[in-house]
Amino acid sequence: MKKQFATIVICLSIMLMFCASAFAQSLSVACAANFTGAMKDLVKLYEKNTGTDVTCAFGSTGMLYGQIKNGAPYDVFFAADQKRPALLFKEGLSIEPSTYAKGKLVLWSKSAKIENIATWKDVITSSELTKVGTANPKTAPYGKRSIEALTAAGLLDKAESKIAYGKNVAQSFLYAYSGSTDASFVALSQALSPKGKEGKYWSIAEAGPVTQDVCILKAGKQDAAAAFLTWLKTDEAKTIITSYGYE
């Protein structure tokens, strides 16, 4: 009887180990749209190295924050600002945030009629520019930066009637890539992507860096999320992040 009991205990222990392993081998990531290209490359390598199954949802930082507040089952949140992770921490929904990247805002286009214009300000004031895209400044930090840059350059009044707002910076890039706008404010990471290299970008000195924070969500798989964030500090992960123009 004792021998049978011991056998049952051993079997149950093995089953629990397999269950724990299965849980550890999956991760759900909410990621700001500007970081899409870098995150896809990071996830591909992480899955290959560890066997962890990583699923990602991409969108504006404000939209993802709203989903998390409403109980979306993410394990870790990569924002495009510091504000939303700080709010989640303050609200008791996350572990203390940390910075994972600093991005840059640029103006991007693949329109031949403006490719020889020297500066981004000259592009905005050019008669060849009829539409310029940007992300929603209320929910997307890169959209907020674009309005701040236009304001600092004294160009917001001239540009306002030409602006087409996208729900996030990925849609802003799509506007210019598809020709719906002559140019769009996008993240440098998008300008350095394979599609971005089909066009040209202008730097924007008036726009400061976009500091991007990440936080582990308390309702998610904290150990799996912590392991992923630890791996992001390795040289192979940093190489991918810097290749997309992030500091």
Side-chain angles (χ1 to χ4, degrees), residues 30-39 57-69 77-91 94 97-109 119-121 123-125 129 131-177 180-193 196 201-215 244-247:
C31 182
N34 77 89
F35 205 66
T36 300
M39 182 58 77
F58 299 102
S60 73
T61 292
M63 182 198 77
L64 293 171
Y65 169 76
Q67 290 179 349
I68 292 166
K69 289 276 291 177
F77 175 37
F78 288 80
D81 65 8
Q82 295 181 292
K83 177 182 173 183
R84 271 75 170 206
L87 283 173
L88 290 175
F89 178 61
K90 185 179 180 182
E91 292 157 353
S94 81
S98 60
T99 299
Y100 68 95
K102 290 184 178 180
K104 295 178 181 176
L105 177 77
V106 299
L107 184 66
W108 182 89
S109 173
T119 70
W120 79 274
K121 289 184 282 190
V123 172
I124 295 299
T125 56
L129 186 93
K131 283 288 180 186
V132 60
T134 193
N136 182 346
K138 294 181 180 178
T139 57
Y142 282 84
K144 184 172 183 285
R145 275 283 190 276
S146 69
I147 299 303
E148 291 172 350
L150 286 166
T151 302
L155 297 175
L156 184 57
D157 287 344
K158 294 180 180 177
E160 207 156 23
S161 63
K162 301 177 182 178
I163 295 177
Y165 291 101
K167 60 184 179 181
N168 55 51
V169 75
Q171 192 169 61
S172 179
F173 177 78
L174 183 61
Y175 285 166
Y177 188 79
S180 298
T181 63
D182 303 300
S184 281
F185 291 100
V186 303
L188 175 60
S189 57
Q190 294 169 306
L192 297 178
S193 70
Y201 73 87
W202 294 264
S203 298
I204 302 175
E206 290 80 359
V210 182
T211 302
Q212 306 187 191
D213 279 8
V214 58
C215 60
Y244 280 87
Y246 294 101
E247 295 178 8

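- Side chain of Arg145 to backbone of Lys104: no donor-acceptor contact under 3.5 angstrom is found.
- In summary, of the residues considered (Leu129, Val123, Val132), a side-chain contact (heavy atoms from CB on, under 4.5 Å) with Asp182 occurs for Leu129 alone.
- Taking the side chain to side chain donor-acceptor pair (under 3.5 Å) definition, one finds that Ser184 meets it with Thr181, sequence neighbours left out.
- Within the 4.5 Å cutoff, the side chain of Gln171 has heavy atoms near those of the Asn168 side chain.
- With sequence neighbours left out, the side chain to side chain donor-acceptor pair (under 3.5 Å) criterion links Gln82 to no other residue.
- No side-chain heavy atom of Phe77 sits less than 4.5 Å from a side-chain heavy atom of Cys31.
- Between Trp120 and Phe185, the two ring planes are perpendicular [angle over 60°; tilted spans 30° to 60°].
- Under the salt bridge (charged side-chain N to carboxylate O under 4.0 Å, His left out) criterion, Lys167 pairs with no residue at all, not counting sequence neighbours.
- Residues Phe35 and Phe58 place their aromatic rings such that the two centres sit no closer than 6.0 Å.
- Environment of NZ in Lys162: crowded, with over 12 heavy atoms of neighbouring residues, nucleotides or ligands closer than 6.0 Å.
- Closest approach of Val210 and Pro141 over heavy atoms only: CG1-CB, 4.3 Å.
- Of all heavy-atom pairs between Ser109 and Ala183, the closest is CB-CB, 3.8 Å.
- Here the CG atom belonging to Asn34 is positioned 12.0 Å from the CZ atom belonging to Phe78, to the nearest 0.5 angstrom.
- With sequence neighbours excluded, the residues that form a salt bridge (charged side-chain N to carboxylate O under 4.0 Å, His left out) with Glu206 are Lys121.
- Thr99 is linked by a side chain to side chain donor-acceptor pair (under 3.5 Å) to Asp213, counting only residues two or more places apart in sequence or in another chain.
- In this structure, Tyr165 and Ile163 have side chains that are in contact, with non-hydrogen atoms separated by less than 4.5 Å.
- Residues that satisfy the side chain to side chain donor-acceptor pair (under 3.5 Å) test with Thr61, not counting sequence neighbours, are absent from this structure.
- Looking at heavy atoms from C-beta onward, Gln190 lies out of side-chain contact with Trp108 at the 4.5 angstrom threshold.
- Annotation: side chain of Leu88 is not in contact with side chain of Arg84 (no heavy-atom distance under 4.5 Å).
- Counting heavy atoms from C-beta on, the side chains of Tyr142 and Val186 never come closer than 4.5 Å.
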